[in-house]
Amino acid sequence: MAESGTEPRNSLSIRDNRTGRDYEVEIKDGDVIRAMDLRQIRVNEDDFGMMSYDPAFTNTASTRSTITEIDGGRGILRYRGYPIEQLAEKSSFLEVAYLLLRGELPTQDELDQFVHEVTYHTYAHENIIKLLSGFRYDAHAMGIVISSVAALSTFYPDAKDIHDPEARWIQIIRLVAKMPTLAAFAYRHHRGLPFVYPENELSYTANFLNMLFRIGVRDYRPNPVLERALDVLFILHADHEQNCSATTMRTIGSSHADPYSALAGSMAALYGPLHGGANEAVLRMLTEIGSTDNIPAFMESVRNGERRLMGFGHRVYKAYDPRASIIKETAHEVFEVTGNNPLLDIALELEKIALQEEYFVERNLYPNVDFYSGLIYQAMGFPVEMFPVLFAIPRTVGWLAQWEEMLEDREQKIARPRQVYVGEGERDFVPVDQRD
Ligand code: CMC
């Protein structure tokens, strides 16, 4: 609100009380000021100038983006303007992938061409299998896939040509196409099962399920309900703007590393239990709770700050995560095919209690995307180690869209935050025999 008698202006007036000087800083894009505009605020000519201090970037925009919009207060998620609910109901994962990567929904011809390209790049070099055989039988699937993706950069030296959009597109197709193959190979290695190669006549998710689960039959065909459920889950996980792993992709990419190396880094960021590893952590937590009788004691430990209720809370959403509502519905469809997951009762009861309890209500803690997804994955036969991998496959699309946008953005440079140095001032070196 403008003070009476003053004309509203899109600017911020700042008075530096150290010097008594006034500054006017432009406000753009809603409520955004440029951090570099603070640099002019200085006590004298030798002063570096003002910076903002923002550990974990909780209030800093690092980019202007056209890919994904989240309104965390209202529980809204849109890809390129399209509400996630409509995409989950009416679209397919590869159509959404095209939308995220290209900016617009494809025509039928464009979609056919894209699906064709992805389908015909699903095979991985046979040496990847030799690489896999070096992992112990109990190696975590996520570690295997991260390593395999990093290894792909050595097979495609042309991937270093990151400034040519056509060369980039080939790497994008390869990554989207090969991720399910690498993931399925990691799973089969873990199980000691022979690898199943991609089949071109199957859909993206049916092919993935075939490579994972086909044993001893020639024409394995996944249940269409499960095939579609996985496709919906992939749509929901495809992008989520500037989260930890997307920021990692942009940061590594900003040094002009090839996309395979950058993507291995973003997968590593996703692996942690506070990010994409949360779905695995949820399942382990539900298994540990074991029965609804044990919920009160568990909730007590959460309230005391000893534990976190995994699958709850989000940096951006301060309302119900819209992806969680869709996943909850999908879970019921899947359970009609697979039978109920006994852990569902514990999850539903935890959610019921958390949505009423003061601790969670006053901190705006609602179920996030990971709370119910693990229950579906488990019912479909995935071991928990595969859960973060199931997150990484669709998120590959988001990472690549973010990477391309960063490369094309003329304002972006190599990522390099500042620090506030609070260590010792200059002091003289003391030889080891003279130290106390
Ligand atoms: N259980 C219990 N308390 C929580 C939880 C939780 N899951 N999440 C946050 N809090 C509390 C936290 O202790 C703090 O309380 P206080 O103010 O008393 O210190 C307050 O809520 C704010 O938490 P925060 O850690 O400052 O919030 P953040 O924005 O830094 O963290 C989060 C966001 C997702 C890391 C966090 O909510 C969390 O650890 N959740 C559990 C892990 C999880 O489910 N992660 C998946 C996120 S969705 C998928 C993805 O995008 O990766």
Side-chain angles (χ1 to χ4, degrees), residues 25-26 28-41 48-70 72 79-80 100-101 103 142 146-147 149-150 152-153 156 159-165 167-169 171-172 175 238-272 274-277 314-316 388 391-392 395-423:
V25 172
E26 194 183 7
K28 272 190 174 171
D29 294 321
D31 289 329
V32 181
I33 61 161
R34 297 242 160 193
M36 277 304 281
D37 285 349
L38 299 177
R39 188 69 72 75
Q40 58 179 313
I41 304 174
F48 177 77
M50 182 135 314
M51 291 192 289
S52 60
Y53 174 60
D54 188 12
F57 310 121
T58 51
N59 199 35
T60 295
S62 60
T63 187
R64 301 173 81 245
S65 181
T66 62
I67 303 171
T68 292
E69 184 187 4
I70 301 176
Y79 296 158
R80 304 280 188 190
L100 285 165
L101 290 162
M142 193 71 165
I146 291 171
S147 309
V149 171
L152 281 186
S153 86
Y156 302 112
K160 294 196 188 324
D161 190 6
I162 55 149
H163 296 296
D164 174 0
R168 282 203 305 261
W169 185 244
Q171 313 313 331
I172 288 172
L175 272 160
D239 191 53
H240 215 232
E241 51 117 313
Q242 308 312 314
N243 50 73
C244 178
S245 55
T247 301
T248 307
M249 184 79 191
R250 281 174 173 264
T251 303
I252 301 177
S254 77
S255 76
H256 295 172
D258 71 82
Y260 300 96
S261 305
L263 205 123
S266 41
M267 271 192 85
L270 186 77
Y271 195 0
L274 298 188
H275 192 8
H314 201 275
R315 172 65 58 78
V316 181
F391 197 149
R395 186 54 62 85
T396 293
V397 166
W399 290 327
L400 291 167
Q402 299 285 343
W403 170 70
E404 276 232 291
E405 189 177 69
M406 181 272 304
L407 288 173
E408 301 241 300
D409 182 346
R410 299 182 75 106
E411 283 197 299
Q412 294 292 339
K413 297 174 175 215
I414 185 166
R416 205 321 185 169
R418 295 273 173 185
Q419 67 166 6
V420 180
Y421 177 70
V422 294

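Quick note: numbers below take in every heavy atom, side chains included, and nothing from hydrogens, waters or symmetry partners. Predicted model, so just to flag it, every value in this text is computed and none were measured.
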Min side-chain heavy-atom separation [X]-[Y] under 4.5 Å:
X	Y	value
Met142	Met267	yes
Ile67	Arg80	yes
Leu263	Ile252	no
Val316	Asn243	no
Val149	Leu175	yes
Pro259	Arg168	no
Arg315	Thr58	yes

List the atom pairs, with distances to 0.1 Å, where a side-chain N or O of residues 413-422 and a protein N or O form a donor-acceptor pair under 3.5 Å, not counting sequence neighbours.
residue	atom	partner	partner atom	Å
Tyr421	OH	Glu424	N	3.1
Tyr421	OH	Glu424	O	2.6

Under 3.5 Å, side chain of [X] to main-chain N/O of [Y], donor-acceptor pair present?
X	Y	answer
Glu405	Thr66	yes
Gln40	Asp37	yes
Asp31	Asp29	no
Glu26	Arg34	no
Asp54	Thr60	yes

Please determine whether the number of non-hydrogen atoms from other residues, nucleotides or ligands lying under 6.0 Å from atom [atom1] of [X] exceeds 12.
X	atom1	result
Phe48	CZ	yes
Asp164	CG	yes
Arg39	CZ	yes

Subject >> Inter- and intrachain pairs under ring-ring contact (aromatic ring centres under 6.0 Å, His included), touching residues 395-419, at least two apart >> reply: none

**OP:** Please list all pairs passing the ring-ring contact (aromatic ring centres under 6.0 Å, His included) test where one or both residues lie in residues 240-262, with sequence neighbours left out.
**Re:** Tyr156-Tyr260, His163-His256, His240-His314, His240-Tyr317

Taking all non-hydrogen atoms of both residues into account, name the closest pair between [X] and [Y] and its distance.
X	Y	value
Cys244	Ala269	SG-CB, 4.0 Å
Thr251	Thr247	OG1-O, 2.6 Å
Gln412	Ser62	NE2-O, 3.2 Å

**OP:** Evaluate side chain to side chain contact (heavy atoms under 4.5 Å, CB included) for Asp239 paired with Val397, printing each intermediate quantity in order.
**Re:** CA-CA 7 Å; Asp239 191 53; Val397 166; over 6 Å; no

Original post:
Can you find a side-chain donor-acceptor pair between Arg250 and Thr63 that sits under 3.5 Å?
Top reply: yes

Original post:
After noting the C-alpha distance and the side-chain angles of Thr248 and His275, does the key distance pass the side chain to side chain contact (heavy atoms under 4.5 Å, CB included) rule?
Top reply: CA-CA 12 Å; Thr248 307; His275 192 8; over 6 Å; no

